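Taking it in order: structure first as structure tokens, then the write-up.
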Amino acid sequence: MKLRRNKEEIGGRPPDEKARNNKEPPKPISTKRLAINLMIKIAAIALAVWLVLAFVIGITINYGNNMHPAVNDGDLVITLKLQRPYLNAAVLYKHDGKTRTGRVVGLPGNVIEISENGELIVNGAIASEDIYYPTYQAENSTVRYPYTVEEGKAFILNDYREDTLDSRSFGAVDLSDIDGPFLLTLRRRGF
């Protein structure tokens, strides 16, 4: 036989209700404390965003048509800084204090040649790429072919090959000057 107890035997109220009534009401949080908590949260979010933009993701606007048709003037370019550049990757890099866009066609140890017919030859084979423009050597350049890419550097060309302001003019770019391969390109003009 089970023993049953009802509310009255315990004192008229269930135990949890009794405990609730003995607690003091919570004290309201001051406006000053709310403001401090808000400022701490804003600072933590700002720090997280800064860390992501400084070390993980690069965001810039492309100026010029040196990467046409892949990237146009005014497009927003987002890069992944954590990833190392690889062959045929469109990248963001710095040269002479300016941020530029280009495509990696040679990594350390690769031998780059440019034929008189406008063909890009990497390690003795014609490069297979989806570029519509012929590749010619830059005029008045000190770069001589066949060009062997030095250790710690990358040979970068523009997709719009008529624009020779790339490695054909100034040689290979230090890998440390490359912000990373494109992660995303957003069209801002000419929808």
Side-chain angles (χ1 to χ4, degrees), residues 52-191:
V52 166
L53 292 177
F55 300 107
V56 180
I57 293 176
I59 300 174
T60 191
I61 296 173
N62 182 58
Y63 294 105
N65 282 316
N66 65 316
M67 286 296 288
H68 181 76
V71 183
N72 293 322
D73 183 36
D75 287 354
L76 185 69
V77 176
I78 301 172
T79 60
L80 185 59
K81 292 181 178 184
L82 295 177
Q83 188 173 6
R84 295 178 55 96
Y86 53 91
L87 282 177
N88 208 26
V91 295
L92 200 64
Y93 67 98
K94 291 180 181 63
H95 180 71
D96 284 343
K98 292 184 180 180
T99 300
R100 302 177 187 275
T101 53
R103 188 168 305 277
V104 175
V105 297
L107 290 172
N110 290 154
V111 178
I112 309 295
E113 295 181 69
I114 298 175
S115 74
E116 291 181 12
N117 301 340
E119 296 171 325
L120 175 65
I121 302 168
V122 180
N123 295 330
I126 296 174
S128 64
E129 48 185 5
D130 296 329
I131 306 301
Y132 306 110
Y133 308 101
T135 306
Y136 295 108
Q137 296 180 16
E139 293 179 19
N140 304 321
S141 173
T142 59
V143 177
R144 299 291 169 241
Y145 299 94
Y147 181 91
T148 302
V149 182
E150 301 95 1
E151 196 62 38
K153 296 190 177 242
F155 201 84
I156 299 175
L157 296 180
N158 297 324
D159 278 0
Y160 180 63
R161 299 290 165 87
E162 300 292 321
D163 180 1
T164 59
L165 190 57
D166 53 21
S167 289
R168 292 174 287 178
S169 295
F170 47 75
V173 176
D174 287 333
L175 290 174
S176 61
D177 289 337
I178 298 175
D179 278 344
F182 287 9
L183 183 63
L184 184 64
T185 303
L186 301 173
R187 295 270 186 242
R188 296 186 49 202
R189 297 182 183 162
F191 285 105

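Just so we're clear, the structure is a prediction, and the values are computed from it rather than from any experiment. Values below: every heavy atom of this structure, side chains too, minus hydrogens, waters and symmetry copies.
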Indicate the atoms forming the closest heavy-atom contact of [X] with [Y], along with that distance.
X: Gln83; Y: Pro181; value: O-CD, 3.3 Å
X: Val173; Y: Ser167; value: CG2-OG, 4.1 Å
X: Ser141; Y: Val143; value: OG-N, 3.1 Å

field: Worked check of side chain to side chain contact (heavy atoms under 4.5 Å, CB included) between Val104 and Ile156
entry: CA-CA 5 Å; Val104 175; Ile156 299 175; 4.3 Å; yes
Going by the salt bridge (charged side-chain N to carboxylate O under 4.0 Å, His left out) test, which pairs reach into [range], not counting sequence neighbours?
range: residues 119-138; answer: Glu129-Arg161
range: residues 168-179; answer: Lys94-Asp179, Lys153-Asp174, Asp166-Arg168
range: residues 81-92; answer: none

message: My understanding is that only one of Leu80, Val71, Ile78 makes a side-chain contact (heavy atoms from CB on, under 4.5 Å) with Phe182; could you say which?
response: Val71
Rounded to the nearest 0.5 Å, what's the gap from [atom1] on [X] to [atom2] on [Y]? Could you check?
X: Ile57; Y: Ile59; atom1: CD1; atom2: CD1; value: 6.5 Å
X: His68; Y: Ile131; atom1: NE2; atom2: CD1; value: 11.0 Å
X: Met67; Y: Asp73; atom1: CE; atom2: CG; value: 13.5 Å
X: Leu82; Y: Leu183; atom1: CG; atom2: CG; value: 10.5 Å
X: Asn65; Y: Asp159; atom1: CG; atom2: CG; value: 11.5 Å

Tell me if a side-chain donor or acceptor on [X] pairs with a main-chain N or O of [Y] at a distance below 3.5 Å.
X: Asn123; Y: Val111; result: yes
X: Ser169; Y: Thr164; result: yes
X: Asn62; Y: Asp75; result: no

Are any of the side-chain heavy atoms of [X] and [Y] separated by less than 4.5 Å?
X: Ile178; Y: Leu92; value: no
X: Val122; Y: Leu87; value: no
X: Arg103; Y: Asn88; value: yes
X: Ile112; Y: Leu120; value: yes
X: Ile121; Y: Ser115; value: yes
X: Leu165; Y: Asn66; value: no
X: Val149; Y: Leu107; value: no
X: Pro85; Y: Leu175; value: yes

message: Under the rule for ring pair (Phe, Tyr, Trp, His ring centres under 6.0 Å), what residues qualify as partners of Tyr147, not counting sequence neighbours?
response: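 Tyr147 satisfies ring pair (Phe, Tyr, Trp, His ring centres under 6.0 Å) with Phe155 only.
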message: Tell me which pairs pass ring pair (Phe, Tyr, Trp, His ring centres under 6.0 Å) where either residue lies in residues 73-100, with sequence neighbours left out.
response: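 Qualifying pairs: His95-Phe170.
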query: Tell me the ring pair (Phe, Tyr, Trp, His ring centres under 6.0 Å) pairs involving residues 105-141, sequence neighbours left out?
result: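 Listed once each, the pairs are Tyr133-Tyr160.
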- request: Just do the side chain to side chain contact (heavy atoms under 4.5 Å, CB included) check on Leu76 and Thr185 with the steps written out, would you?
  value: CA-CA 6 Å; Leu76 185 69; Thr185 303; over 6 Å; no
